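Okay, so here's the structure we're looking at.
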Amino acid sequence: MKALTATLMFSVILFVIILIIALLASFPSAIHKNHIFVYGTLKMGQPNHYRMFRQVEGKAEFLSWARTVERYPLVIAGDYNIPFLLNIPGQGQRVRGEIYRVDERMLEYLDAFESVPTMYQRTRLKLEVEEWVGPTDGEETPLPGSVVEVFGYSTTTYKPDWPSLPTYESYDAYGFNVPEYVIRELRD
């Protein structure tokens, strides 16, 4: 009887361990606190990209091109034609952008630049890697199609008509048929 009980207990423990391993394997890797997804004016070639590399504000390092796993409305709104990622999962498009590793100073600077928490909120986003080119801190390099979880700036504080605005897969301030973005230095 004791042998049967011990065998049964061993089987249950083994089953639980296998279940936990399977569950952990199905989730994206742990969120990287200092990895930030940018999709608007902070991307390469956009009006505020230089802010990512102002040494006085901290450090940023490009890691990857990626797009959101879920669809979100990326709209251009407000008096200054600012790109906003509305925190409405399931609507809009899978948004393309870039992942950066930033230090604490840069993260604080970006939070202030993005007017967290009034205009934007720093939220967790699951992203599909398109191409990873940056270092990985000893971890395995994410392959194209793999899912990572990082922070990005989205908003829940938007005007009622914003969800009905046209949505974009990728923002380009200099693109055709895009309302002209007004840089901060020229705003009233």
Side-chain angles (χ1 to χ4, degrees), residues 28 31-53 60-102 106-107 109-134 142 144-187:
I31 189 158
H32 294 279
K33 181 180 177 193
N34 288 10
H35 288 186
I36 292 290
F37 177 67
V38 298
Y39 55 83
T41 65
L42 290 169
K43 289 190 318 183
M44 289 182 221
Q46 298 304 307
N48 289 313
H49 182 67
Y50 74 94
R51 295 176 189 276
M52 299 290 290
F53 297 98
E61 179 178 25
F62 176 75
L63 299 176
S64 176
W65 290 277
R67 65 183 184 162
T68 58
V69 170
E70 291 194 73
R71 295 179 310 138
Y72 289 92
L74 172 56
V75 300
I76 300 172
D79 294 337
Y80 306 115
N81 300 315
I82 298 170
F84 288 94
L85 186 69
L86 306 185
N87 195 345
I88 310 175
Q91 293 186 23
Q93 301 185 44
R94 293 184 63 198
V95 177
R96 284 194 147 85
E98 302 163 356
I99 300 173
Y100 289 83
R101 175 186 298 124
V102 297
M106 179 58 75
L107 190 61
Y109 170 75
L110 291 173
D111 282 354
F113 177 76
E114 299 290 10
S115 301
V116 170
T118 54
M119 187 155 70
Y120 291 96
Q121 298 79 45
R122 188 170 9 122
T123 55
R124 293 177 179 211
L125 295 170
K126 289 182 182 176
L127 304 175
E128 178 184 333
V129 171
E130 293 183 332
E131 182 182 6
W132 195 280
V133 297
S146 62
V147 175
V148 296
E149 188 173 359
V150 303
F151 284 110
Y153 295 100
S154 65
T155 187
T156 57
T157 54
Y158 49 84
K159 294 187 178 178
D161 64 322
W162 287 10
S164 64
L165 293 172
T167 63
Y168 298 85
E169 174 187 40
S170 183
Y171 176 78
D172 182 356
Y174 309 110
F176 296 107
N177 299 321
V178 175
E180 185 178 350
Y181 173 75
V182 179
I183 61 172
R184 286 185 177 214
E185 293 77 12
L186 297 180
R187 297 178 191 171

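This structure is a prediction, so every number in the text was calculated from the model and none was measured.
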- [ ] Indicate yes or no: at least one non-hydrogen side-chain atom of L42 is less than 4.5 angstrom from one of F113.
- [x] yes

Open item on the list: Let me confirm one number: the CD-OH distance from E180 to Y174, rounded to the nearest 0.5 Å.
Closed with: 9.5 Å

Open item on the list: To check you understand the geometry: which heavy-atom pair defines the closest contact between Y181 and A173, and what is its length?
Closed with: CB-CB, 4.3 Å

Open item on the list: For Q46, is there any backbone N or O sitting under 3.5 Å from a side-chain donor or acceptor partner on T41?
Closed with: no

Open item on the list: I need the Q91 CD to L86 CG distance, nearest 0.5 Å.
Closed with: 8.5 Å

Open item on the list: Does E114 form a salt bridge (Lys or Arg N to Asp or Glu O under 4.0 Å) with R51? I'd like the steps, not just the answer.
Closed with: CA-CA 12 Å; E114 299 290 10; R51 295 176 189 276; over 6 Å; no

- [ ] Check P163 against K159 and note the closest heavy-atom contact, atom names and distance.
- [x] CD-O, 3.7 Å

Open item on the list: Could you check whether any side-chain N or O of R71 sits under 3.5 Å from a backbone N or O of Q93, counting only pairs where one atom can act as donor and the other as acceptor?
Closed with: no

TODO: Work out which heavy atom in G97 is nearest to a heavy atom in K43; give both atom names and the distance.
DONE: CA-CD, 4.1 Å

Task: Qualifying residues under side chain to side chain donor-acceptor pair (under 3.5 Å), relative to Y100, sequence neighbours excluded - done: E98

- [ ] Output the distance between atom CG (D79) and atom CZ (R187), rounded to the nearest 0.5 Å.
- [x] 10.0 Å

TODO: Please check if the side chain of S64 supplies one atom and the backbone of E131 the other of a donor-acceptor pair under 3.5 Å.
DONE: yes

Task: Heavy-atom side-chain proximity of V133 to W65 below 4.5 angstrom - done: yes

- [ ] Take Q121 and T155, measure what side chain to side chain contact (heavy atoms under 4.5 Å, CB included) needs, and give me the verdict at the end.
- [x] CA-CA 6 Å; Q121 298 79 45; T155 187; 3.9 Å; yes

Task: Pairing residues for R94 by the salt bridge (charged side-chain N to carboxylate O under 4.0 Å, His left out) criterion, not counting sequence neighbours - done: E128

- [ ] For P166 and V75, work out which heavy atoms get closest and say how close.
- [x] O-CG1, 3.6 Å

Task: Parallel, tilted or perpendicular: rings of Y120 and Y153 (30°, 60°) - done: perpendicular

Open item on the list: For a quick test of reading the model, state the closest non-hydrogen atom pair linking L165 to A77 and the distance between them.
Closed with: CD1-CB, 3.8 Å

TODO: Identify the two heavy atoms, one from F84 and one from I82, that lie closest to each other, and give their separation to 0.1 Å.
DONE: CD1-O, 3.2 Å

- [ ] Quick one: sort the Y158 and W162 rings into parallel, tilted or perpendicular, breaks at 30° and 60°.
- [x] parallel

Open item on the list: Please check this pair: side chain of Y39 against backbone of L85, looking for a donor-acceptor N/O pair closer than 3.5 Å.
Closed with: yes

Open item on the list: How long is the straight-line distance from OH of Y72 back to OG1 of T167, given to the nearest 0.5 Å?
Closed with: 14.0 Å

Open item on the list: I'd like to know whether R122 forms a side chain to side chain contact (heavy atoms under 4.5 Å, CB included) with I36, so could you lay out the CA-CA distance, the side-chain angles of the two residues, the decisive distance to 0.1 Å, and finally the verdict.
Closed with: CA-CA 9 Å; R122 188 170 9 122; I36 292 290; 4.0 Å; yes

- [ ] Report yes or no: does E61 contribute a side-chain atom to a donor-acceptor pair with the main-chain N or O of G134 at less than 3.5 Å?
- [x] no

Task: Under the side chain to side chain contact (heavy atoms under 4.5 Å, CB included) test, residues paired with N81 that sit two or more places apart - done: I76, P179

Task: Check: N34 side chain, V102 main-chain N or O, donor-acceptor pair, under 3.5 Å - done: yes

TODO: Mind checking the CZ-CZ spacing from R96 to R67? Nearest 0.5 Å is all I need.
DONE: 5.0 Å

TODO: State the CE-CE distance between M44 and M52, to the nearest 0.5 angstrom.
DONE: 9.5 Å

Task: Pair V150-L127, side chain to side chain contact (heavy atoms under 4.5 Å, CB included): steps then yes or no - done: CA-CA 8 Å; V150 303; L127 304 175; 3.3 Å; yes

